[in-house]
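Each remark here refers to the structure printed beneath this line.
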Amino acid sequence: MEQVRKVTNDITWVGASDHRLALFENIHPLTSGVSYNSYLLLDEKTVLFDTVDWSVCRQFLENISYVLNGKDLDYLIINHLEPDHAACMEEVLIRYPRAKVISTEKAFMMMSQFGFDVVDRFIEVKEGDTMSFGNHTIAFVEAPMVHWPEAMVSFDATDGVLFSADAFGSFIALDGVLFADEVDFDRDWIDEARRYLTNIVGKYGPQVQHLLKKAGPLLPDIKFIAPLHGPVWRKNFDYILDKYNKWSTYEPEVKGVLIIYASMYGNTESVAISLASKLREAGIKDVKVRDVSNTHVSWLIADTFKYSHVVIASVTYNLGIYPLIHNYLEDLKALNVQNRTFAVIENGTWAPQAGDKIREFLDKELKMMTILNDELTINSTLNEENGGKELNQMVESIVDSFKQK
Ligand code: FEO
């Protein structure tokens, strides 16, 4: 049975939701599924914008067939060749043998790497090119590294639809939803939209900024933003553009404190929760506590993009940083996260050393990080004599830095 939604009179969503995939890119846990979006334009010519992941190909082909209703497919535009969107292109080309493929030179090169034979069917477009399909004229805008180098976005000036590829996407399966204003996005979706963007494209903030600047002149004409994952935007552009602007410039969304702790026997956990209590008692309203051992690093990364301040509380392990904290730090580095204020707490029963190593990593490996000077070393457990005073000083330092920033 078809599962389709109309974006405009001429453009229909023909994608699919996936609840069976456990790990996106085989690394990021999916708790509420994901959608792969594809859009079909019916004009004098028929044009398909991207395909979907192989796992949902059967549903996707049924959707296309339903909307085409006996017509042939004339063109397939590939905005992004990553297999979560392009895996079904060969199947589409087998079923619609007259269809031509429109994409960038780099995408064409990658298609041959993936083994897609499109040599006689390929139409190469570059920045600023346009193609008319009847009433609709599509403009092509290159978007390198959002999220792969071959990526582009397409703009249909007739209906005002920006096909934005991975940009403005989100985790969570659509399950019949099409538009972001059909859900309480800020309550139910924003955390997963942030986790998607920051972990998948977080490293490429400058390239996202470049695309946002290029799309700026089009903004008055954009009526819909149609990404490759998650809902289509037709209202509240300022809301999602503001989020993208912050994420891509590494600017925190909120003044608040994220506390990430590593605790083997509960003692460092106790310190982390004491700190959270004291911070709230001191008037800081937004404090979030995360246990590194039961929180996938993708959530830690997303939270770090959200919050202005991060406290890392780590036990010492093998005379160094607890491995999962180290993994978090390495991910911060890989994703180019910058411009946050950190405080560090270490714990160790006989040779606490994690603190110095964490501070050294933050200072040497990451960019524009402020590290508060108060050092806090716990020997096994926290009490008035063992770290209690220093914990209160750390609270004061964090409160002071809130006033400065
Ligand atoms: Fe959703 Fe970069 O692929």
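Order of appearance sets the numbers: ligands from 1, and atoms from 1 within every ligand.
Enclosure of atom NE2 in His210 is not indicated, since only 12 or fewer non-hydrogen atoms of other residues, nucleotides or ligands lie within 6.0 angstrom. No more than 12 heavy atoms of other residues, nucleotides or ligands lie within 6.0 Å of OH in Tyr265, so this atom counts as exposed by the packing criterion. Annotation for Lys45: atom NZ does not count as buried by contact number, only 12 or fewer foreign heavy atoms lying within 6.0 Å. Remark: Lys126 NZ is loosely packed, at most 12 non-hydrogen atoms of other residues, nucleotides or ligands lying under 6.0 Å away.
Nearest heavy-atom pair across Ala354 and Ile321 is O-CG1, 4.1 Å.
Residue-level check: among N/O/S atoms of Asp166, OD2 sits closest to atom 2 (Fe) of ligand 1. His229 contributes atom NE2 as its closest N/O/S atom to atom 1 (Fe) of ligand 1. Checked against atom 2 (Fe) of ligand 1, the N, O or S atom of His80 at the shortest distance is NE2. The nearest N/O/S atom of Asp84 to atom 1 (Fe) of ligand 1 is OD2. Minimum-distance N/O/S atom of His85 relative to atom 1 (Fe) of ligand 1: NE2. Of all N/O/S atoms in His147, ND1 sits nearest atom 2 (Fe) of ligand 1. Taking the N/O/S atoms of Glu82 in turn, the shortest distance to atom 2 (Fe) of ligand 1 belongs to OE1.
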Practice problem: For His326 and Tyr317, run side chain to side chain contact (heavy atoms under 4.5 Å, CB included): C-alpha distance rounded to whole Å, both residues' side-chain angles, the deciding distance at 0.1 Å, then the answer. | Solution: CA-CA 11 Å; His326 195 243; Tyr317 200 84; over 6 Å; no
